*Asks:* 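My questions all concern the structure below.
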Amino acid sequence: EKMKLRIILSALCILSSGTGYANSSQQEKINFVKKVYENQLNEDLMDIDVLKLHASKELRLLIQKRDAIADRNEGNMCEWVRQVLIPGNDNDVRANKIKYSALPNGRVRAQAKNFGKSFQVDFDVKCDTQGCKITDVYDPSSYKKELMTIVKNAAC
């Protein structure tokens, strides 16, 4: 009986020690957000909306609707057209300089400096067997809510 307990306890220790502070699903989310930024900073993907590429179905639809509104207002740059992943019109961020952390609320935070100015972006990420998707971005408020308002107003 004592032996069985010892085996169970040592198995538990092995399981809990491997993950460090982030459990495996949190680690999966961190790795995913890291990939999002690697895509964002990849010169070959300059013309790709990386956020839309990695967004959940709901968020992607909102981005598409926003893009359609922006297209209708061509030449009239909508003030809400902005970079969410890295604030500003340009960046000097290096992928290996971005710090990632798992937050207690389950979100993943990316922190870095762009031209010497610190920024942080929190991601709501959902993972399943198909992989991970971004369901919302906070910088600091909900980007999904911001998109919903834009789509509702349907104007620049």
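What you see is a predicted model, and the numbers here were worked out from it, not measured in a lab.
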*Asks:* Between atom CG of D49 and atom CD of Q64, what is the distance when rounded to the nearest 0.5 Å?
*Replies:* 9.5 Å
*Asks:* Counting C-beta onward and ignoring hydrogens, is there a side-chain heavy-atom pair between Q120 and Y138 closer than 4.5 Å?
*Replies:* no
*Asks:* For V84 and Y143, which heavy atoms make the closest approach, and how far apart are they?
*Replies:* CG2-CZ, 3.3 Å
*Asks:* Ignoring hydrogens and geometry, is there a side-chain-to-backbone donor-acceptor pair from N91 to L41 under 3.5 Å?
*Replies:* no
*Asks:* For the pair T135 (side chain) and D124 (backbone), establish whether a donor and an acceptor sit closer than 3.5 Å, ignoring hydrogens and angles.
*Replies:* yes
*Asks:* Which pair of heavy atoms, one from N114 and one from P87, lies closest together, and at what distance?
*Replies:* ND2-O, 3.0 Å
*Asks:* Run the numbers on D67 and K52 for salt bridge (Lys or Arg N to Asp or Glu O under 4.0 Å), then give the verdict.
*Replies:* CA-CA 11 Å; D67 290 349; K52 184 159 62 175; 3.1 Å; yes
*Asks:* Could you pull out the closest heavy-atom pair between I69 and A154, with the gap in Å?
*Replies:* CD1-CA, 3.6 Å
*Asks:* Quick one: pull up CG in L53 and CG in L45 and give me the separation to the nearest 0.5 Å.
*Replies:* 7.5 Å
*Asks:* Decide yes or no for Q111 and S118: does some side-chain heavy atom of the first lie under 4.5 Å from some side-chain heavy atom of the second?
*Replies:* no
*Asks:* Taking the side chain as C-beta and beyond, is there a heavy-atom pair between K133 and K126 under 4.5 Å?
*Replies:* no
*Asks:* Report the distance from atom CD of Q40 to atom CD of Q83, rounding to the nearest 0.5 Å.
*Replies:* 5.5 Å
*Asks:* So how far is it from I150 CD1 to K152 NZ, rounded to the nearest 0.5 Å?
*Replies:* 11.5 Å
*Asks:* Compare every heavy atom of Y100 with every heavy atom of A95, then report the nearest pair and how far apart it is.
*Replies:* O-OH, 4.5 Å
*Asks:* What distance separates I48 CD1 from N39 CG, expressed to the nearest 0.5 Å?
*Replies:* 9.0 Å
*Asks:* Side chain of R107, backbone of D122: donor and acceptor closer than 3.5 Å?
*Replies:* no
*Asks:* Apply side chain to side chain contact (heavy atoms under 4.5 Å, CB included) to N31 and E28, showing your working.
*Replies:* CA-CA 5 Å; N31 293 342; E28 184 184 8; 5.7 Å; no
*Asks:* Can you give me the closest heavy-atom contact between I30 and A102, atom names plus distance?
*Replies:* CD1-N, 3.9 Å
*Asks:* Do R66 and E146 sit within salt-bridge range, that is, some charged N less than 4.0 Å from a carboxylate O?
*Replies:* no
*Asks:* Between CZ of R60 and CD1 of I134, what distance do you get to the nearest 0.5 Å?
*Replies:* 11.0 Å
*Asks:* Name the orientation class of the two ring planes belonging to F32 and H54 (parallel below 30°, tilted from 30 to 60°, perpendicular beyond 60°).
*Replies:* perpendicular
*Asks:* Under 3.5 Å, is there a donor-acceptor pair linking the side chains of N42 and E38?
*Replies:* no
*Asks:* So, the side chain of Y37 versus the backbone of I86: is there a donor-acceptor pair under 3.5 Å, distance only?
*Replies:* no
*Asks:* Just by modelled atom types, is the A155 backbone N or O under 3.5 Å from a matching donor or acceptor in the N153 side chain?
*Replies:* no
*Asks:* Taking the side chain as C-beta and beyond, is there a heavy-atom pair between V93 and F119 under 4.5 Å?
*Replies:* yes
*Asks:* I need the single residue from V137, L62, D136 that forms a side-chain contact (heavy atoms from CB on, under 4.5 Å) with L147. Which is it?
*Replies:* L62
